[in-house]
Amino acid sequence: MTLPQITLASASPRRAALLRQIGISFEVVPSNIPEERLESESPASYVQRLAREKAVAVHTGARPTLGADTTVVLNGQILEKPRDRQDALRMLAQLQGTQHTVLTAICLHTNQCSKILLATAEVALRAAAHDELERYWESGEPADKAGAYGIQGLGAIFIAGVCGQPSTVAGLPLVETNQLLREFGVNVWQHRGAASEALDATS
C-alpha cells in the first residue's frame, strides 16, 4: 500500500485526477473555507490568498498540504462558480466568442513555510446558441466550475483555443505543481520504479 505523499485540501475530482496523472499519492481533506473576495482585492491576489488559506486550514503537520484556487476573469470581472442555472447561463453567454483569462494559484504548506505559485492561461470560447448552453447546464457539468465551464469534460466542445497549460484551466497547473513538490522534497518519480517492477512481475 502506498502512503500519501501530500494532503490535498480540495474535494475537486479534477485536481485529484491531475495529481494521479503525475503519480502523486495523496489524502483528500477538503478545506470548506468561505470563498469571498475582499474589497479592492485583485483577481491574482484573491486566488493566491484562497490557495494559502485552504492549505493552512487543513494542515496537520504530518505531510505537506496542497491548496489551490481557480477563477475566470473577463474584462476585469471575476466569474466564479455559478449560484444557479440563471447565473451559469449569464456567465456562459458573456464568455461566448470572447477570450478570457483563467488564474489558478497553488500553495504548498508545511510547518516550516508556505510557498505560492500563480499560473495564467488565456482561453477563447467559440460562439454558441442559447439552447446549446441550456443543454450544457442540464448536463450538470457547469455547476461547480469557475466561469460555469470545464475544459476536460463536455465543455471542451466550446474551447476554440488555449494559450497556456490546459491543466491551469482544469484547476491544477502541473508545471508549477511539480516545481513546488520538488522544492518540498516530494518526488513525482518516487513510485514509478515500483509500479514498473510490479507490472513486469505480472507480465
Side-chain angles (χ1 to χ4, degrees), residues 5-31 35 43-44 46-48 50-51 54-55 66-74 78-85 87-108 117-129 132-181 188:
Q5 295 166 283
I6 65 171
T7 298
L8 176 61
S10 172
S12 166
R14 298 168 298 283
R15 292 187 178 119
L18 286 164
L19 282 177
R20 292 190 193 99
Q21 180 179 319
I22 60 173
I24 296 296
S25 59
F26 57 92
E27 178 187 10
V28 172
V29 183
S31 61
E35 297 186 7
Y46 177 47
V47 292
Q48 289 178 88
L50 286 183
K54 290 175 181 181
L66 179 65
D69 192 71
T70 301
T71 198
V72 170
V73 183
L74 176 65
I78 290 180
L79 303 181
E80 301 195 78
K81 297 174 185 177
R83 296 184 298 274
D84 50 30
R85 174 183 177 277
D87 196 34
L89 292 177
R90 176 188 62 81
M91 289 185 194
L92 289 168
Q94 283 183 278
L95 292 171
Q96 298 311 300
T98 71
Q99 181 169 302
H100 59 275
T101 302
V102 177
L103 302 175
T104 295
I106 58 170
C107 174
L108 205 60
L117 292 178
L118 177 67
T120 302
E122 299 295 325
V123 182
L125 296 192
R126 67 170 175 83
E132 194 174 10
L133 300 181
E134 287 185 321
R135 294 293 297 275
Y136 181 49
W137 167 256
E138 290 167 2
S139 74
E141 186 174 282
D144 66 340
K145 295 175 176 60
Y149 76 90
I151 191 174
Q152 71 287 357
L154 180 58
I157 66 173
F158 300 114
I159 307 295
V162 178
C163 182
Q165 298 177 69
S167 57
T168 296
V169 186
L172 192 71
L174 292 181
V175 170
E176 287 78 5
T177 298
N178 179 56
Q179 178 182 334
L180 279 190
L181 291 173
V188 300

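Quantities reported herein were computed from a predicted structural model and do not represent experimental measurements.
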Enquirer: So, Thr71 versus Glu80: side-chain donor-acceptor pair below 3.5 Å or not?
Expert: no
Enquirer: Of the non-hydrogen atoms in Ala121 and Gly164, which two are nearest, and what is the gap between them?
Expert: CB-CA, 4.2 Å
Enquirer: Taking C-beta and beyond as the side chain, do Val72 and Leu95 meet within less than 4.5 Å on heavy atoms?
Expert: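 A side-chain contact exists here, since the closest heavy-atom pair is under 4.5 Å.
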Enquirer: Taking the six-membered ring for Trp and the full ring for Phe, Tyr or His, determine whether the centres of Tyr149 and Tyr136 are under 6.0 Å apart.
Expert: no
Enquirer: Could you tell me if the side chain of Leu66 sits less than 4.5 Å from the side chain of Thr7, heavy atoms only?
Expert: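 No; the side chains remain at least 4.5 Å from each other.
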Enquirer: Determine the minimum heavy-atom distance between Ala68 and Gly171, stating which atoms define it.
Expert: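 Shortest heavy-atom contact: CB-O, 4.0 Å.
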Enquirer: State the CG-CD distance between Leu154 and Glu141, to the nearest 0.5 angstrom.
Expert: 5.5 Å
Enquirer: Could you tell me if the side chain of Val123 sits less than 4.5 Å from the side chain of Gln99, heavy atoms only?
Expert: no
Enquirer: Are Ser167 and Gln165 linked by a side-chain donor-acceptor pair shorter than 3.5 Å?
Expert: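 Checked: Ser167/Gln165 side chains pair up, N/O donor to acceptor below 3.5 Å.
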Enquirer: Could you check whether Arg15 pairs with Asp69 (Lys NZ or Arg NE/NH1/NH2 to Asp/Glu carboxylate O, under 4.0 Å)?
Expert: no
Enquirer: How close do Glu122 and Thr120 get, counting heavy atoms only, and between which atoms?
Expert: OE2-CG2, 4.1 Å
Enquirer: In terms of heavy-atom contacts, does CZ of Arg135 have more than 12 from other residues, nucleotides or ligands at under 6.0 Å?
Expert: no
Enquirer: Determine, stepwise, if the pair Leu172 / Thr104 fulfils side-chain contact (heavy atoms from CB on, under 4.5 Å).
Expert: CA-CA 7 Å; Leu172 192 71; Thr104 295; 5.7 Å; no
Enquirer: Could you grab the distance from atom CG of Leu181 to atom CG of Leu19, nearest 0.5 Å is fine?
Expert: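 One finds 7.5 Å between CG of Leu181 and CG of Leu19.
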Enquirer: As an exercise, state the distance from CD of Glu132 to CZ of Arg126, rounded to the nearest 0.5 Å.
Expert: 4.0 Å
Enquirer: Rounded to the nearest 0.5 Å, what separation is found between the CD1 atom of Ile78 and the CG atom of Leu74?
Expert: 11.5 Å
Enquirer: Working to the nearest 0.5 angstrom, can you tell me the gap between Lys145 NZ and Gln152 CD?
Expert: 5.5 Å
Enquirer: Quick one: do Arg85 and Glu134 make a salt bridge, cutoff under 4.0 Å?
Expert: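 Salt bridge between Arg85 and Glu134, a charged N being under 4.0 Å from a carboxylate O: yes.
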Enquirer: Calculate, to the nearest 0.5 Å, the distance between atoms CE and CZ belonging to Met91 and Arg83 respectively.
Expert: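 Interatomic distance, Met91 CE to Arg83 CZ, rounded to 0.5 Å: 6.5 Å.
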Enquirer: When you look at Glu27 and Leu8, which way does the side-chain contact (heavy atoms from CB on, under 4.5 Å) test go after all the steps?
Expert: CA-CA 6 Å; Glu27 178 187 10; Leu8 176 61; over 6 Å; no
